[in-house]
J.: 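Here's a structure for you.
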Amino acid sequence: MFPVSWEQLHRDCRALAWRLVEQGPWKGIYAITRGGLVPAAIIARELEIRLIDTICVSSYDWQSQGQSSILKSVENDGEGWLLIDDLVDTGRTAKLARDMVPKAHFATVYAKPEGRPTVETYITEVSQDTWILFPWDAGHQFVQPIVQNVE
């Protein structure tokens with residue numbers, strides 16, 4: 001498990017924006033939902049991009065990756081657009097999105113080895129067996145101290 005805080009995610013998304021700035025200008029961003037929505041918003045702010053659309057793919061539940069299905073597509077080849085997601089894992093979702101917008105520049109914040117070849121730009125590589133716990137999937141709760149006073 002690799003927990004990512006909101007602050008770390010924000011820093012990593014800004015680092016991704018720095019890598020993308022010289023490759024633009026960009027017409028817009030396609031965010032792969034749902035994980036790509038937050039990174040897309042941060043990158044859009046940093047790169048002054050106002051046009052954001054979504055490619056909606058369902059493939060994950062909170063425990064594992066299942067069968068991918070397209071819920072919403074887009075109508076162009078993606079030329080001049082960024083395709084943004086939080087993570088590329090096995091590359092299955094990436095390949096579906098890439099088929100929809102083959103000319104888009106695909107960027108993710110995090111990449112695992114199996115999916116890494118499907119993206120042009122990423123910030124951090126993690127091992128294939130690592131589960132990234134994103135801040136929107138986690139909550140704060142009380143944790144018992146290791147040593148407890150018993151009176």
J.: Provide the closest heavy-atom pair for Ala104 versus Arg98 in the form atom of the first, atom of the second, distance.
T.: O-NH1, 2.9 Å
J.: Could you tell me the separation between the CD1 atom of Ile29 and the CG atom of Leu37, rounded to the nearest 0.5 Å?
T.: 11.0 Å
J.: Once you round to the nearest 0.5 Å, how far does CD1 of Ile32 lie from OG1 of Thr108?
T.: 9.0 Å
J.: Assess whether a salt bridge exists between Glu114 and Arg92, defined as any Lys/Arg side-chain N lying under 4.0 Å from an Asp/Glu carboxylate O.
T.: no
J.: What's the shortest heavy-atom distance between Pro102 and Asp99, and which atoms?
T.: CD-O, 3.7 Å
J.: If you draw a 6.0 Å radius around CD in Glu22, do more than 12 non-hydrogen atoms from other residues or ligands fall strictly inside?
T.: no
J.: Quick one, Met1 and Ile132 - any side-chain contact, counting heavy atoms below 4.5 Å?
T.: no
J.: Applying the side-chain contact (heavy atoms from CB on, under 4.5 Å) test to Lys95, which of Thr118, Val88, Thr90 qualifies?
T.: Thr118
J.: For Trp18, look at atom CH2 and say whether over 12 heavy atoms of other residues, nucleotides or ligands are found less than 6.0 Å away.
T.: no
J.: What distance do Lys112 atom NZ and Trp131 atom CH2 have between them, rounded to the nearest 0.5 Å?
T.: 7.0 Å
J.: Taking the side chain as every heavy atom from C-beta outward, state whether Val101 and Trp81 have any pair of such atoms under 4.5 Å apart.
T.: no
J.: Could you tell me whether the side chain of Glu120 and the main chain of Phe106 form a donor-acceptor pair under 3.5 Å?
T.: yes
J.: Taking the side chain from Asp53 and the backbone from Tyr30, do they hold a donor-acceptor pair closer than 3.5 Å?
T.: no
J.: On a heavy-atom basis, which atom in Ala44 and which in Ile52 lie closest, and how many Å separate them?
T.: CB-CD1, 3.5 Å
J.: Report the distance from atom CD1 of Ile49 to atom NZ of Lys27, rounding to the nearest 0.5 Å.
T.: 12.5 Å
J.: Measuring from atom NZ of Lys103 to atom CG of Leu83, what distance do you get when rounded to the nearest 0.5 angstrom?
T.: 15.5 Å
J.: If we only count heavy atoms from C-beta on, is the Ile55 to Met100 side-chain gap below 4.5 Å?
T.: yes
J.: Which of these, Thr124, Asp12, Asp86, sits in a side chain to side chain donor-acceptor pair (under 3.5 Å) with Tyr110?
T.: Asp12
J.: Which atom pair, heavy atoms only, marks the closest approach of Glu125 to Pro113?
T.: OE2-CG, 3.5 Å
J.: Hey, are Arg50 and Glu48 close enough for a salt bridge, meaning a charged N less than 4.0 Å from a carboxylate O?
T.: yes
J.: Hey, could you give me the CD1/CZ distance between Ile43 and Arg14, rounded to the nearest 0.5 Å?
T.: 11.5 Å
J.: Do Leu16 and Pro39 come within less than 4.5 Å of each other through their side chains, counting heavy atoms only?
T.: no
J.: Can you find a heavy atom in the side chain of Trp26 that is under 4.5 Å from one in the side chain of Leu51?
T.: no
J.: Hey, are Asp137 and Arg34 close enough for a salt bridge, meaning a charged N less than 4.0 Å from a carboxylate O?
T.: no
J.: Would you say Leu47 and Leu82 make side-chain contact, with heavy atoms under 4.5 Å?
T.: yes
J.: Start with the C-alpha gap between Gln23 and Thr121, add the side-chain angles, then the distance that decides, and say whether side-chain contact (heavy atoms from CB on, under 4.5 Å) holds.
T.: CA-CA 11 Å; Gln23 299 177 46; Thr121 307; 4.0 Å; yes
